[in-house]
Each structure stands twice: as structure tokens, then as C-alpha cells.
Chemist: 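The structure under discussion is supplied below as C-alpha cells; questions concerning it will follow.
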Amino acid sequence: MNPCIVVGGGLAGGAAATLLARQGRPVVLLERESGPHDKVCGEFLSVEACRDLECLGLDLDRLGAVAMDRIRLASGHRLIEAPLPFAARGLSRRVLDEALLELAARAGAQVRRGQRVSGIAAGHVRVGDAALPASAILLASGKHDVRGVARGAPATRGGYVGFKMHWRAPPALAGKVGSAIELVVFDGGYAGLQRVAPGVLNLCLILRSAALADLGGGWDGVLARILREPWLERRLAEAEPLFARPLTIANLPYGYLCDADATGDHAYRLGDQAAMTASLTGDGMAAALRGAFVAAESLAAGLPPAAYHRRIVRILSPQVRRAMLLQRATERRATLACGLALLGLWPGLLGILARATRLPGA
């Protein structure tokens with residue numbers, strides 16, 4: 001039997017390879033990077049993501065995940081804080097993705113690193129000059145499109161750019177951040193700051209492409225801009241950057257959902273290839289994991305890619321649409337000002353919004 005070929009070794013790819021191998025199928029996972037690596041990601045594991053990872057058999061405590069139970073929203077000199085209505089975790093993607101690849105290998109999947117896929121056609125995956133036959137192809141290449149199965153046009157106009165930087169946090173600063181996810185909203189974008197290890201903070205920020213251009217198009221201008229935010233200025237004054245330069249990614253197609261009615265798609269799309277929800281809600285990793293479970297169930301039931309895509313779009317689309325409504329609200333000054341005023345009077349609304357933007361139960 002030809003193997004199932006999984007393209008991409010991130011959350012969706014690692015989880016899907018594990019689940020398919022546990023079904024007794026031959027599985028080959030192709031990962032373009034040759035070793036552990038960081039990715040642009042908020043690294044926020046929502047309650048749904050935590051449940052799915054634990055269902056796979058990962059011990060998040062053993063991996064060093066940081067428990068999170070509060071949310072802080074800052075804008076200018078205004079700060080609003082409320083408890084999260086669920087338990088969440090913070091964990092580096094470098095650690096988490098490696099744990100999933102190890103899990104897939106233990107389940108029997110063949111994990112091949114340093115494999116750059118150059119194209120996909122019906123029943124074949126091309127790596128260099130070789131065409132690898134596949135009984136099924138699962139596309140989990142994240143934000144990287146592959147020739148032959150490229151996504152359609154982005155759902156958002158103007159586009160977004162993402163930056164990620166890890167910072168070393170001394171004990172006093174780590175204690176101040178504590179068990180909270182801190183969101184800072186400013187003109188042109190927003191940033192998330194949280195602990196992902198006992199002495200490490202992850203800063204992930206999203207900017208409109210036009211806002212980045214206004215700042216000169218580089219990290220120096222971006223850093224100078226976010227340091228004008230009082231909350232981030234205080235936090236980062238005590239921290240030390242751990243990367244020489246931040247990780248960046250451009251043209252983030254927030255709001256994208258794969259075409260559930262496409263008849264010529266011969267790969268099962270997972271993760272960002274299936275949908276891209278707004279980072280603001282922290283459910284991107286949960287959506288990637290959910291796609292892996294649904295794809296494995298669909299293959300076990302003998303369903304073709306089109307049937308799987310209809311199912312995953314039905315599951316993910318309500319969350320994606322609610323998340324995009326919330327993100328667009330933060331981009332309008334008048335709406336944001338009204339929202340902050342309301343949250344100042346009723347901080348518990350933060351928790352209600354967090355609960356309303358979750359994925360449905362597994």
C-alpha cells in the first residue's frame with residue numbers, strides 16, 4: 001500500500017501523522033526544516049487545543065507549559081483585566097512541534113526532515129526530482145503554498161504582517177506577567193505578551209501592511225512604535241531579547257477558509273491551509289489540531305477530500321467569522337474607543353468575548 005503523505009511537520013501535520021499511524025496506516029511525514037525551529041505564533045494554547053493535545057497523549061506539564069487563567073487588555077494608559085473563563089497554556093512552538101514529531105515517530109510514522117516539497121499532483125508528492133506515490137495527501141504546510149494546490153486569493157484586503165520575538169524575563173518580570181495573556185491594542189495592529197517557559201516571554205504582534213509601511217517597513221521602526229505603548233514600554237524595559245532579529249511573516253490571509261465545494265482539490269487541507277482565524281482570539285492552534293482529528297476520522301471513514309473540506313469548513317467557519325468581526329472592530333478607532341469604555345465599566349465582558357470566540361466542542 002502506498003503511504004499517506006503528510007506535508008508539513010507543524011501542529012496539524014504532527015497530530016495527523018500520529019493519528020493515521022495509530023490507525024495502522026503507513027505514513028510518511030515530510031518536514032522542510034532539518035531540525036527544531038521557532039515559528040511566528042502567539043504560542044497560546046486555548047482550552048480546546050489543550051484537550052486535543054492531551055487526547056493525543058502529550059503531557060503539557062512535562063513539556064514545561066505555563067498555566068494561564070487571566071487576560072489583560074491594554075491600550076494607551078488604559079488597562080482592563082478579567083479572569084479567563086477557561087484554563088489555557090503557553091508553550092514554545094519549538095518545544096511543542098518537536099514533541100508532536102516524536103509522538104508521530106513513536107506511533108510508527110516515518111518522519112523525514114529537510115524535505116522541501118516542490119509540487120503536488122493527484123496521487124503524487126514531488127520532492128526534488130522524485131515523485132512519491134501516496135494513497136492520500138495531507139497538506140499541512142502552514143502559510144507556505146505548494147505548487148499544484150495553492151490557496152485562492154486572501155479573504156482580507158491590504159494584508160497583515162506578523163512579528164515574533166522571545167524575551168528573557170527575570171523573576172520579577174515573570175512574576176508581574178504571571179498567569180496572564182496580555183493584549184495590547186494600538187493604531188494599526190495589536191500585540192500579545194505571555195510566558196511560554198518559566199523565564200521566557202513571547203511577544204507576537206500583528207500589523208496591517210499599510211501600518212508597517214508607515215513605520216519604515218523594518219523591525220527598528222516597529223519596535224520604536226510599540227515602545228510608545230506605556231504597557232509594553234514598562235514590560236520590555238526589564239526584558240532582554242533572545243533572538244538577534246524577530247521572526248517575520250507577511251501576507252497573512254486572515255479570514256481565509258478553503259473552498260468546501262472545490263472538486264479538483266486532491267489533498268486534505270489542514271491548519272492554515274484549511275482556515276486562518278484572527279490571532280487576536282488565540283484559537284489558531286486549536287483549529288489546526290481540530291483539522292488533524294477530522295481528517296483522520298474522514299480517512300478512516302473513506303471520505304474524499306471534498307467531503308472532509310465541507311466538514312471542516314462547517315466546524316471552523318463560525319469561529320473564523322466571529323474572530324474576524326472582533327479583529328475588525330479593533331481596527332476602527334471609534335469602535336475600539338467605545339469598546340474600551342464599555343469594558344472599563346464591565347471588565348467581565350472580556351471573558352464573555354473570549355468564550356464566544358472558541359471552537360465548538362470536539
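One is the number of the first residue; the rest follow in order along the sequence.
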Chemist: Where is the tightest heavy-atom contact between Arg113 and Glu98, given as atom of each residue plus distance?
Modeler: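 Looking at all heavy atoms of both residues, the shortest contact is NH2-OE1, 2.9 Å.
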Chemist: Tell me, do Met285 and Arg93 make a side-chain contact under 4.5 Å, heavy atoms counted?
Modeler: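 They are in side-chain contact.
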Chemist: Could you please spell out the steps behind the salt bridge (charged side-chain N to carboxylate O under 4.0 Å, His left out) verdict for Asp220 and Arg245?
Modeler: CA-CA 10 Å; Asp220 292 341; Arg245 300 291 291 179; 3.6 Å; yes
Chemist: Taking Lys164 as the fixed residue, which of Asp38, Thr248, Ile249 is the one that meets the side chain to side chain contact (heavy atoms under 4.5 Å, CB included) rule?
Modeler: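 Looking at Asp38, Thr248, Ile249, the match for Lys164 under the side chain to side chain contact (heavy atoms under 4.5 Å, CB included) is Asp38.
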Chemist: Are side-chain heavy atoms of Leu252 and Met276 found at a separation under 4.5 Å?
Modeler: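 Yes, close enough: below the 4.5 Å cut-off.
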Chemist: Just verifying a value: how many Å separate Thr281 OG1 and Phe44 CZ, rounded to the nearest 0.5 Å?
Modeler: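 Thr281 OG1 to Phe44 CZ: 9.0 Å, rounded to 0.5 Å.
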Chemist: Check each of Arg70, Gln194, Arg72 against Ile181 using the side chain to side chain contact (heavy atoms under 4.5 Å, CB included) test, and report the only one that passes.
Modeler: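 When side chain to side chain contact (heavy atoms under 4.5 Å, CB included) is applied between Ile181 and each of Arg70, Gln194, Arg72, only Gln194 qualifies.
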Chemist: Once you measure the plane-to-plane angle for Tyr268 and His309, does it fall in the parallel (<30°), tilted (30-60°) or perpendicular (>60°) bin?
Modeler: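 The rings of Tyr268 and His309 sit tilted, inter-plane angle from 30° to 60°.
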Chemist: With a 4.5 Å cut-off on side-chain heavy atoms, are Phe163 and Leu207 touching?
Modeler: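 They are in contact (side-chain heavy atoms under 4.5 Å apart), so the answer is yes.
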Chemist: Could you grab the distance from atom CG of Leu96 to atom CG of Leu11, nearest 0.5 Å is fine?
Modeler: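 So the gap between those two atoms works out to 5.0 Å.
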Chemist: In Å, rounded to the nearest 0.5 Å, how long is the span from CG of Leu183 to CG of Leu193?
Modeler: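 Here the interatomic distance stands at 9.5 Å.
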Chemist: If you measure from the Lys or Arg side-chain nitrogens to the Asp or Glu carboxylate oxygens, is any gap between Asp61 and Arg89 under 4.0 Å?
Modeler: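 Between Arg89 and Asp61 there is a salt bridge, with a charged N closer than 4.0 Å to a carboxylate O.
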Chemist: So Leu138 and Val7, do their side chains get closer than 4.5 Å, heavy atoms only?
Modeler: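 Val7 does not reach Leu138 side chain to side chain.
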Chemist: Return the CD to OH distance between Gln273 and Tyr256, rounded to the nearest 0.5 Å.
Modeler: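 Going from CD on Gln273 over to OH on Tyr256, the span is 6.0 Å.
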Chemist: Quick one: do the Gln110 and Arg112 side chains pair a donor with an acceptor below 3.5 Å?
Modeler: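 Indeed, the side chains of Gln110 and Arg112 share at least one donor-acceptor pair under 3.5 Å.
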Chemist: We want to know whether Asp283 and Ser46 form a side-chain donor-acceptor pair, criterion being a heavy-atom distance below 3.5 angstrom.
Modeler: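 Short answer, yes.
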Chemist: Just checking, is any N or O donor in the side chain of Gln327 or Tyr190 under 3.5 Å from an acceptor N or O on the other one?
Modeler: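 On atom types as modelled, these side chains qualify, holding a pair under 3.5 Å.
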Chemist: Could you go through Glu233 and Glu229, starting from their C-alpha distance and side-chain angles, then the distance that decides it, and tell me whether this counts as side chain to side chain contact (heavy atoms under 4.5 Å, CB included)?
Modeler: CA-CA 6 Å; Glu233 181 187 26; Glu229 293 300 311; over 6 Å; no
Chemist: Give, for atom CG of Leu201 and atom CE of Met165, the distance between the pair rounded to the nearest 0.5 Å.
Modeler: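 Rounded to the nearest 0.5 Å, the CG-CE separation comes to 12.5 Å.
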Chemist: Would you give the length of the straight line joining atom SG of Cys204 to atom NE2 of His166, rounded to the nearest 0.5 angstrom?
Modeler: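 The NE2 atom of His166 is 9.0 Å from SG of Cys204, to the nearest 0.5 Å.
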